[in-house]
Structures are given as C-alpha cells and as structure tokens.
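Within every chain, numbering begins at 1; the chains are lettered A, B, ... in the order of the sequence lines, protein sequences first and strands thereafter. Just so it is clear, the structure is predicted and the values come from calculations on it, not from any experiment. Values reported hereafter were calculated over all heavy atoms of this structure, with side chains retained and with hydrogens, waters and symmetry mates removed.
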Amino acid sequence: EAGVVQSPRYKIIEKKQPVAFWCNPISGHNTLYWYRQNLGQGPELLIRYENEEAVDDSQLPKDRFSAERLKGVDSTLKIQPAELGDSAVYLCASRSGTGYGNTIYFGEGSWLTVV
Amino acid sequence: DQQVKQNSPSLSVQEGRISILNCDYTNSMFDYFLWYKKYPAEGPTFLISISSIKDKNEDGRFTVFLNKSAKHLSLHIVPSQPGDSAVYFCAASGSNYKLTFGKGTLLTVNP
C-alpha cells in the first residue's frame, strides 16, 4: 500500500513568489492534515480536512495561505506571496476514519526555501 | 504556551544500553499519546502509541510508559541500536484528533 505522497520534495523560490504543494493521502483515508515544521521545532498543524471539509483551519495564515481538497482525496496547499519566514518543511498526513486512536501517517514533506 | 514538552534536546547512548526519552504535557484533555521517529530529509514515522486508559504499551524493543497523574510519558528503547539514531517526537491528541507535538529529542546511539 502506498504511503502519503507529496510533491515537490524541494522548492526554492524568491520572496513574493507563489508556491503550491500537492498531497495524495493513503487510499481510503478520510482525514487529511497539513503541518508545518520549522527548523528545530515539532510539526504544527495548519489545517485539517474531514473528506472535503476543512474542520480546523484556525492556525492557517489566511492572508497568504490557502488550501483545498475538492474531491475529498488529494489536496493542495498554496502560499501567495511567500515570505522569508515561510521557509520550512510542509508535511501532509492522513488518517483513516474517525475511530479513536487511529494513527496519523506522514508523507516525506515538501522542503521550502524562500530567498 | 507549549502543551507538549521534550526538555532534552539530545541524548547519547551506547549501543546495547537502554535509551529513555521523556515527554511532559500540560493539557489534561489529551487522551492519546504517540511517539514518532524522524530521520533527516524524511517525514515523521509512527513508532508506538498509548491511550490514557493504559499505563504501558510494549512493541518489541520499544515500550511507552504513561503517568497520568504526573502528566508524563517516556519511551524506552532496549537494547538501543545505531539505526535508532534519529529525532524522536512526542505527540498528544484529544477528541479533536489534532496532534500537538513536542520539539523533539535527537537520539544518538554510539557503536
């Protein structure tokens, strides 16, 4: 079974440019997360989807970040315009069902450097 | 306000010995706890978990202990192997299924 797939793995852009990250969760996983991990820190939640509905986006900087999961499967996270402080690893994760304690599985991450 | 704390940024252990990684939490609503391992340039990999109704969960060389009254959990790796060298993240969740992570502990197992 394929894991969580993310692309691109690495991206270097100039500040004020847009960037987009794509995620395909594990097949059958209804819950999808986007996390951001800064250097030396643990991952922090940006947004959580249950199917196509964003049920927790309280920590998503909505002035420049947007996300969508149109058909309840794969998802895109966009930053426009990017700032230097957005340099981080963007992690997508997925989880099956709504059962208590189901494990969250992460992709390998998209490493963003803003110069 | 950091709700999940890993106070040791790094830990160095000799191969074959026990590694003990610690984690403290402040939110009493957390009821499910996980440990993830992360190698450089990879995403976190699930290692082991424990629910608040238990105080111990074991999986091979890995054991997680939970002390609810102290709001403390620990991960024991016995025996430690060089391949265990990685960053270990403690994470906690409540009914909202949101994972809150600590900052991680870099474990180095020396041959």
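With respect to the salt-bridge test (charged N to carboxylate O, under 4.0 angstrom), the residues A:Lys71 and A:Glu52 do not qualify.
Classified by interplanar angle (parallel below 30°, tilted 30° to 60°, perpendicular above 60°), the ring pair B:Tyr25/B:Phe33 is tilted.
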Exercise for review: Go through B:Glu15 and B:Arg17 one step at a time and tell me if the salt bridge (charged side-chain N to carboxylate O under 4.0 Å, His left out) criterion holds.
Suggested key: CA-CA 6 Å; B:Glu15 180 179 6; B:Arg17 306 294 291 271; over 6 Å; no

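With A:Arg69 contributing its side chain and A:Ala54 its backbone, the two residues share no donor-acceptor pair below 3.5 Å.
For the set A:Pro43, A:Gly109, A:Gly42, the entry with the most heavy-atom pairs within less than 4.5 Å of chain B is A:Pro43. Ranked by non-hydrogen atom pairs under 4.5 Å with chain B, the options A:Arg9, A:Gln41, A:Gln6 are led by A:Gln41.
With a 4.5 Å cut-off on non-hydrogen atoms, A:Gln37 touches chain B through its side chain but not through its backbone. The contact between B:Ala41 and chain A is made by backbone and side chain atoms together, counting heavy-atom distances below 4.5 Å.
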